[in-house]
Structures are given as C-alpha cells and as structure tokens.
Amino acid sequence: MDNQRIAQILEEMADLSEIIGDNTFKIQAYRRAAETIFRLNEPIQEVWARGESIPGIGKGIRTLIEAITPDGESPELVRLRAEVPAELIKLTRIPGIGPKTVGRLWQALGVRTLEEVKQAAKEQKIRAIKGVGAKTEMLLLRGIEKAEMPKERWPLIEALSISEEICARLRDYPEVKRCEVAGSIRRARELVKDIDLVVMTEAAPAVAERLKTFPGNIEVVAWGEEKISFRYASLQPIAVDVRLFSPEQFASGLVHFTGSKEHNVFLRQRAKEKGWKLSEYGLEDERTGEIQTFEQEEALYAALSIPYFTPELRDTEVVGGDAFWKAATAASLEALIKQEDIQGDLHMHTTASDGGDSIEAMARAAKKMGYRYIAVTDHSQSLKVARGLTVEQLLQHMEAIRTVEEKLSNEWGEPFYILRGAEVDILPDGTLDYPDEILERLDLVIASVHTSFKQSNEEMTARILRAARHPFVDIIAHPTGRLIGRREAYGLDVGKLIEQAAVSGVVLELNSYPERLDLSPSYLRLAQEAGVQLAINTDAHHTDGLAWMALGVKIARKALLRPAQVINTWPPEKLFQFLARHRKHWRKR
Ligand SMILES: [Zn+2]
Ligand SMILES: [Zn+2]
C-alpha cells in the first residue's frame with residue numbers, strides 16, 4: 001500500500017470523524033499523520049521495517065494503517081463511512097463548506113440527503129444553527145443547485161482553481177520539475193471542457209504511477225508512461241489529462257497541449273514551409289530526421305520565424321483567428337494592451353457595501369500592483385442585498401475615502417488618487433438610484449443593472465440606453481449582465497449601446513471578474529472600431545480580487561485592444577481631464 005493511498009484514507013477518516021463530531025485531538029492526529037505520510041520520501045513500511053518511528057504517527061494510527069488491506073480498503077474507514085449519510089459527504093466538495101459545517105447541519109437538523117439540505121436552506125433554517133451563518137446557507141444552496149445542473153462545460157474560474165490545486169500538489173513531488181496548466185484554461189476560454197496539465201520530469205513513469213492514486217483521483221480513464229487521464233473529484237467530477245515531458249521536450253509539449261488546434265495547424269504549416277515537422281516532441285528536420293528541442297516556448301516560435309503569441313492569442317476566440325496569426329508581426333503584437341499598461345482600477349467594493357476589505361486595504365493592495373489611482377464604487381441604496389449605501393451613508397463614505405487618500409499620499413510621498421465613486425443601480429425605468437445633485441458630487445459614476453433581469457429586449461435596451469445618455473454616468477459596468485455558466489445575458493441590444501456610447505462618450509466596461517468577462521471579445525472589438533472608450537475593471541470585492549485584472553487584460557488582448565482606448569491605462573491627469581470634459585460636454589446641452 002503506497003503512502004499516497006494511506007494519506008488519502010487518513011484524510012477521509014478525518015473528514016468523516018469531523019462530520020460525526022469525534023474529538024478534535026483524534027481528528028487533528030489523522031490530518032497530521034496524512035500530511036506527514038504524503039511528504040515521506042520512501043514507503044512508510046520501510047521506515048517501520050528499520051525499527052524507526054515517525055514523528056506524529058503513534059501506535060493507534062499505526063495499527064489503523066497496518067489494518068489496510070492490500071487492495072487499499074481500511075476497515076475503520078468502512079465503519080466510519082457507514083455512519084455518515086453518503087449524500088452529506090458530497091457537501092464537503094462545495095467550496096467553502098468543510099466537514100465541521102456538514103456535521104453541524106446533520107446534528108442540528110437531522111438532514112440526510114441533498115434535497116433535505118436544499119429545503120432547509122430555502123427555509124432559512126441553516127443560518128439559525130449555532131456557528132453557521134447566512135453566507136454558508138447561501139453557499140450550500142448555490143452549490144447544490146450547481147451540482148444538479150448537468151455539466152459539460154466548466155466556468156473558467158472553477159476549472160482554474162481546481163487545476164491550480166492539482167498542479168500545486170504535483171509540484172510537491174520530488175520528480176516534478178514544473179507543472180503548467182495548459183489547454184483552454186491557459187488560453188483563458190470562458191468555458192472549458194477539461195483540465196490539461198503539462199508536467200516537466202525526468203522520471204515520467206514514476207510520476208504516472210503516483211498519479212494512479214493521486215488524492216482526488218476517482219477513476220483512471222487512460223494510463224501510459226507519458227500520459228494519464230483521470231476523473232478528479234470536485235463537486236462534480238472533472239476530466240484531467242496530465243502529459244509528462246522531459247525538460248528538453250517541455251516547450252513543444254506545452255505549445256502542443258495549449259492549442260488551440262487551429263493555432264497548432266498554423267504552426268505546423270510554418271514548420272512544413274521550412275522543411276520541418278512539428279510535434280509535441282520538437283521540430284524534426286524531414287530530410288535528416290534530426291530533432292530540435294526547446295525548453296522555452298519563445299525559442300520554438302523564434303525557430304519558426306513567428307512572433308511569440310501569448311497563450312490567450314492562440315485561442316480561436318481571438319479576433320481574426322487564422323488571418324490574425326498569419327499577419328501578426330512582433331510590432332503588431334507589441335502594440336496590444338498589456339498588464340503593465342494598466343495604471344488603475346475603476347470598479348471595486350469595500351466593507352461599506354458588500355466588499356470584504358476596507359478602503360485603505362484596497363488602496364494598499366492597488367499600490368502594490370503598481371497603480372496610481374483607484375475608484376471606490378460601492379453599491380447604491382436600492383440594492384439592499386448588497387447593503388447599498390443611503391445618500392447619507394454615501395456622503396460619509398466619500399469623506400472616509402478622502403481621509404484615506406490624504407493619509408496614504410502623505411505616507412507614500414506622492415499622490416495616490418482614490419476617486420469617490422459609486423456603482424449606481426439602473427432602475428427598471430432607466431433612471432438612476434441617486435438624485436442628480438448627489439451624482440454630480442461624485443468623481444466617478446458607474447451605472448449597472450442588478451435587478452429586473454427579465455425585461456423584454458426593448459425595455460432592457462431602452463433602460464440601459466437611458467442611463468448611458470445620463471450626463472453624470474461615466475461608465476456602464478458589466479453591460480450584458482451574463483454570469484458565465486450561470487445566467488444568460490439580459491436582453492440588451494449591445495450594438496445599440498455601442499452606438500450610443502460612441503455619441504455620448506460614456507465608457508463601456510470590460511469587467512474582469514472571471515464569472516463575468518463582460519463585454520466579451522467580439523463586442524469589445526465592435527466598441528473599439530466604433531471609437532468607444534473602454535475601461536478594464538476587476539469589480540473586486542476583496543483585495544485578492546484586484547488580481548483578476550490579468551484575466552481582463554487577456555480578454556482585451558483577444559479583442560486586439562490597444563492601450564490608447566482603455567481609459568485606465570491613462571495617467572491620472574489625462575483621466576481626470578477626460579472625466580471632467582465628459583460632464584462639461586453635457587452641461588452645455
Ligand atoms: Zn455590479
Ligand atoms: Zn460592482
């Protein structure tokens with residue numbers, strides 16, 4: 001029985017004991033032992049055979065381990081599993097839900113099935129349990145509803161976090177030199193079918209062998225010495241393909257398994273023109289059979305005399321597709337927007353409404369990203385679910401923002417601008433959720449729709465266009481309102497909004513929150529061609545969320561956006577002038 005399988009069994013025993021409500025010391029002992037065994041460099045039996053003991057693994061746990069049968073069954077685990085309703089165990093796969101919470105549910109409400117948990121959540125019985133809050137109730141309800149939907153495609157954000165979790169564990173193996181997420185996730189596709197990982201190792205068979213019993217691997221689908229495909233236990237199982245390459249083959253392997261298929265065809269054609277054959281193992285000279293290998297992707301592209309395409313540009317979603325790849329030059333790619341061009345983030349929330357961090361924490365995190373300004377844009381009064389601010393609260397909030405701005409600018413010895421903004425709801429009739437005299441006092445007004453999604457196309461389009469014409473609205477945020485894999489866009493005629501924006505000068509947002517990515521590349525392209533100004537924002541609700549800018553920039557690159565048209569690449573002076581002019585322009589009318 002190998003160490004990994006033993007660690008897996010102990011982990012599961014810890015989870016089950018926690019659900020049952022066993023004593024904490026026992027649970028912690030299981031977890032510590034699992035961790036220790038997972039990190040051992042040799043089979044645990046060999047250590048014991050030498051008569052050595054292992055710190056953290058006492059007599060009791062040793063007895064449990066020695067009772068595991070050769071085919072990997074543990075009598076103790078079987079006993080524990082029988083005690084806990086099988087469906088409840090599934091709940092621990094919902095992000096944010098741990099075994100302790102599941103145990104509390106079970107004990108307090110006696111629920112045994114997902115259906116019963118869902119019902120209890122709907123009746124708001126879960127939030128009443130001691131130690132469990134309304135947030136957990138919401139996570140449970142959403143998690144169960146999600147699990148009920150058949151899943152052929154995964155939203156990028158979910159696949160990304162699962163794949164990074166797997167890669168992180170793989171990097172713990174001494175044989176693994178590198179692990180990269182490849183495939184459509186690396187190309188920043190909105191929805192992905194499976195997870196592709198490319199691993200650099202000089203001991204492929206050993207890694208493949210380990211992966212057979214990788215924690216979370218619930219079924220091996222295909223197995224070879226260079227490749228293993230398995231189903232990974234998430235809330236719903238997701239297909240994972242791991243390809244193993246030697247260091248010198250790594251770059252060609254990574255290119256191959258990043259795709260897209262169409263981009264690979266383009267690369268192979270270029271290789272052919274040079275008398276070479278491109279495969280995942282390198283570039284083969286068709287006459288001599290000699291194989292050139294690469295450790296860096298850039299070197300492979302250079303050998304083909306092709307400018308280096310970052311992964312998102314290899315996706316078929318990139319504007320122009322094949323024609324774009326063929327025509328691109330190093331200079332044309334260099335002209336596209338990059339993360340380093342971004343000077344600020346103009347959409348974020350704080351603890352004043354539904355965010356998790358203070359104004360100051362957000363500003364400090366933004367400064368770390370190299371920004372020179374941000375806009376704090378908490379929700380407006382009618383959005384009660386997001387604790388929107390009343391007029392009075394907003395005025396206080398604006399004061400608080402100014403205080404932080406002064407404090408940090410002094411501390412840093414240079415101005416750091418925090419725009420006093422708001423994300424103002426566009427009400428069903430297209431009017432805004434604060435009176436004009438309040439909007440006028442804000443530095444930046446974002447307008448967006450969060451309610452009455454089911455309006456007809458005509459109503460919704462008229463509603464948003466009305467806001468886009470409002471003299472004090474600077475940005476229309478997440479214009480289509482879609483939530484990838486969860487909610488369709490509402491009935492907005494985006495073409496009309498783009499036309500309107502070109503006339504009124506309102507800025508359209510590319511919201512980088514992974515579930516939104518709104519506007520999508522094809523609309524961004526239309527907007528750019530119509531001369532509309534754009535803003536790439538994160539809509540961060542906590543400091544970590546600011547990092548989603550990188551994803552937004554990738555989406556913008558797929559639309560071939562250039563920095564000049566994206567207002568948050570501008571230095572502060574230019575941005576403020578633009579915002580002031582936008583308002584003045586309207587006052588004249
Ligand atoms: Zn919003
Ligand atoms: Zn927002």
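Owing to the predicted nature of the structure, the values given are computational and were not obtained by experimental measurement. Remember, it's 1-based here, ligands and their atoms both numbered in the order they're listed. Side chains are part of it too, since the values below use all heavy atoms of this structure and drop only hydrogens, waters and symmetry mates.
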To check you understand the geometry: which heavy-atom pair defines the closest contact between Ile567 and Gln533, and what is its length? CG2-CB, 3.9 Å

Going by atom types only, do Ser353 and Asp378 share a side-chain donor-acceptor pair under 3.5 Å? yes

If I consider every N, O or S atom in Glu423, which one ends up closest to the Zn ion (ligand 2)? I only need its name. OE1

Would you say the Zn ion (ligand 1) has His478 as a near neighbour, meaning an N/O/S atom of that residue under 2.8 Å away? yes

Do the charged groups of Lys554 and Glu317 touch, with an N to O distance under 4.0 Å? no

Can you classify the ring geometry of His349 versus His379 as parallel (below 30°), tilted (30 to 60°) or perpendicular (above 60°)? parallel

Could you please spell out the steps behind the side chain to side chain donor-acceptor pair (under 3.5 Å) verdict for Glu423 and His478? CA-CA 11 Å; Glu423 179 175 14; His478 47 77; 3.2 Å; yes

When you measure from the Zn ion (ligand 2) to each N, O or S atom of Asp539, which atom gives the shortest distance? OD1

The Zn ion (ligand 1) and His347: any N/O/S contact shorter than 2.8 Å? no

For the Zn ion (ligand 2), does an N/O/S atom of His349 lie at less than 2.8 Å? yes

